[in-house]
Each structure stands twice: as C-alpha cells, then as structure tokens.
Amino acid sequence: MASLPLTPSSTAVPANLRRQPCSLLPLSSNLKPTAGGRFRRTRPNLSSQPNAAAVDKQESITATTNPKIDYGVVGVHHVGILCDNLETSLEFYQGMLGLEINEARPHDKLPYRGAWLWVGAEMIHLMELPNPDPLTGRPEHGGRDRHACLAIRDVSKLKEILDEAGHPYTLSRSGRPAIFTRDPDANALEFTQVD
C-alpha cells in the first residue's frame, strides 16, 4: 500500500481541492440553535491566539486529511442512545445530569418513543427501542467500552452530583479530569473537563 505524503504538494493537489485548516475552537462556540432544531453559524471569537502545540496539532490534522474527500463535515449533530424505558432514562439525563429537552425536535413522527436532549449545540437522541447489546458483562470502566463523551467545565461538581445520588462511576485511568459512568441501560458515558 502506497503512503501519501504528510504535506500536500501544490503540484499533486489542485488548489481548489486542497483542504483548508479548520478553526481550533469547539464546534459549539460558533453554532447556535434556532427555532425548529436547526443551527446558525456565528462568528467565532478569535481574540486569543492558539498556542504553538495547538497549531502543530492542527497542521498535523490538516496534513493527514485526504483533500479529495471533502463533503462539508462540520461536527456531530447528535448521538443516538437506546433505552428500555424513556421515563427512567429521562430521570437520569434530565433529573441527575440536568440536560434539557429540545422541544423543537419531532416526537410523534417516529415509530417509537424518544426524546432529544441538548448537549451544548449538539444533542443526545434517546430512543425507546430493544437493545441488541448485552447489558451484563460490560467492562466496569466505561472507557473500555463504546461510549459517548460530553465536554464539561467542572468534573469535581459532577463527581459531587453522582456521589450524592449514589450513582457509580470511575475516574479516568490516565489521570486527566474525566469521569466515566453508565446510564440506566448500561450505555457508557464519559464526561471530560475542558477549559
């Protein structure tokens, strides 16, 4: 298998097909929800300059992206999570985690019960459907299982919330500020602290 060069060459890739570097800002910083569940792009705040490590990382990402495959990916819109009982799941996601329902998303147009929950500018779609995955025998640490990761501001505050509720969790094994837990249907969730 031939390897591609890490730096796109101006002679190898036509200028109109070269991938442009994307912003290092989080997606949610420049996408804002509108009525109807759509998003509008706002100008990102570029007042602070990225540090050298972030620039090096961005150059590495840009250099290893295939410039011929660009169909406009802008981020993750939602993550679908299966649940056995919608009310039980909402007690966890709304009651314990404090996520809010996106009332603009359709609830009656799908052949199953569900709810759309805001996570910043993105969403979790709870779907009351049979789960084909086993609920037992999963790794204790959610970081060793399929999981969705939510960026949060304060891991210690979430730890207090989970402790007060008696809800089990594990801390990141790498030492970074992150917590792994499971919802009532054994779906693994990671909460990682961001600045």
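Scanning for salt bridge (charged side-chain N to carboxylate O under 4.0 Å, His left out) contacts around Asp163 gives Lys159, with sequence neighbours left out. Qualifying side-chain contact (heavy atoms from CB on, under 4.5 Å) partners for His78, counting only residues two or more places apart in sequence or in other chains: Trp116, Met123, His125. Taking the side-chain hydrogen bond (donor to acceptor under 3.5 Å, both in side chains) definition, one finds that Asn85 meets it with Thr88, sequence neighbours left out. Residues forming a side-chain contact (heavy atoms from CB on, under 4.5 Å) with Pro111 (at least two apart in sequence, or on another chain): none. Partners of Arg144 under the salt bridge (charged side-chain N to carboxylate O under 4.0 Å, His left out) rule, at least two apart in sequence or in another chain, do not exist in this structure. Judged as a side-chain hydrogen bond (donor to acceptor under 3.5 Å, both in side chains), and not counting sequence neighbours, the contacts of Asp185 are Ser89. With sequence neighbours left out, Glu164 forms a salt bridge (charged side-chain N to carboxylate O under 4.0 Å, His left out) with no residue at all. For Arg146, the salt bridge (charged side-chain N to carboxylate O under 4.0 Å, His left out) partners are Asp133, not counting sequence neighbours.
Applying the ring-ring contact (aromatic ring centres under 6.0 Å, His included) test to every pair with at least one member in residues 150-170, sequence neighbours left out, gives these pairs: Phe92-His167. Within the structure, salt bridge (charged side-chain N to carboxylate O under 4.0 Å, His left out) contacts touching residues 87-103 (residues at least two apart or in different chains) are Glu87-Arg113.
Taking CG of Asn187 as the start and CG of Asp145 as the end, the distance is 9.0 Å to the nearest 0.5 Å. Taken from OH in Tyr93 to CD1 in Ile81, the straight-line distance is 3.5 Å, to the nearest 0.5 Å. To the nearest 0.5 Å, the span separating CG on Asp183 from CG on Leu126 amounts to 7.5 Å. Interatomic distance, Thr181 OG1 to Leu158 CG, rounded to the nearest 0.5 Å: 8.0 Å. Rounding to the nearest 0.5 Å places NZ of Lys157 at 11.0 Å from CG of Leu162.
By the criterion of side-chain heavy atoms lying less than 4.5 angstrom apart, applied directly or through intervening Ile, Leu, Val, Met, Phe, Trp or Tyr residues, Val119 is grouped together with Leu86 in one hydrophobic cluster. Hydrophobic clustering of Ile, Leu, Val, Met, Phe, Trp and Tyr side chains at less than 4.5 Å, counting indirect connections, unites Ile161 with Leu117.
Thr170 pairs with exactly one of Glu140, His141, Arg182 by the side chain to side chain donor-acceptor pair (under 3.5 Å) rule, that one being His141.
Gln94 approaches Leu99 most closely through the heavy-atom pair CG-O, 3.2 Å.
For Asn131, the CG atom counts as densely surrounded, since its 6.0 Å shell holds more than 12 non-hydrogen atoms of other residues, nucleotides or ligands.
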Using atom types as modelled, flag every donor-acceptor pair under 3.5 Å from a side chain in residues 188-195 to any protein atom, sequence neighbours excluded.
residue: Glu190; atom: OE1; partner: His147; partner atom: NE2; Å: 3.1
residue: Glu190; atom: OE2; partner: Arg176; partner atom: NH1; Å: 2.9
residue: Glu190; atom: OE2; partner: Arg176; partner atom: NH2; Å: 2.7
residue: Thr192; atom: OG1; partner: Arg176; partner atom: NH1; Å: 3.2
residue: Gln193; atom: OE1; partner: Val155; partner atom: N; Å: 2.9

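Counting Ile, Leu, Val, Met, Phe, Trp and Tyr side chains that sit under 4.5 Å apart, directly or through other members, Leu82 shares a hydrophobic cluster with Leu110, Tyr112, Met127, Leu129.
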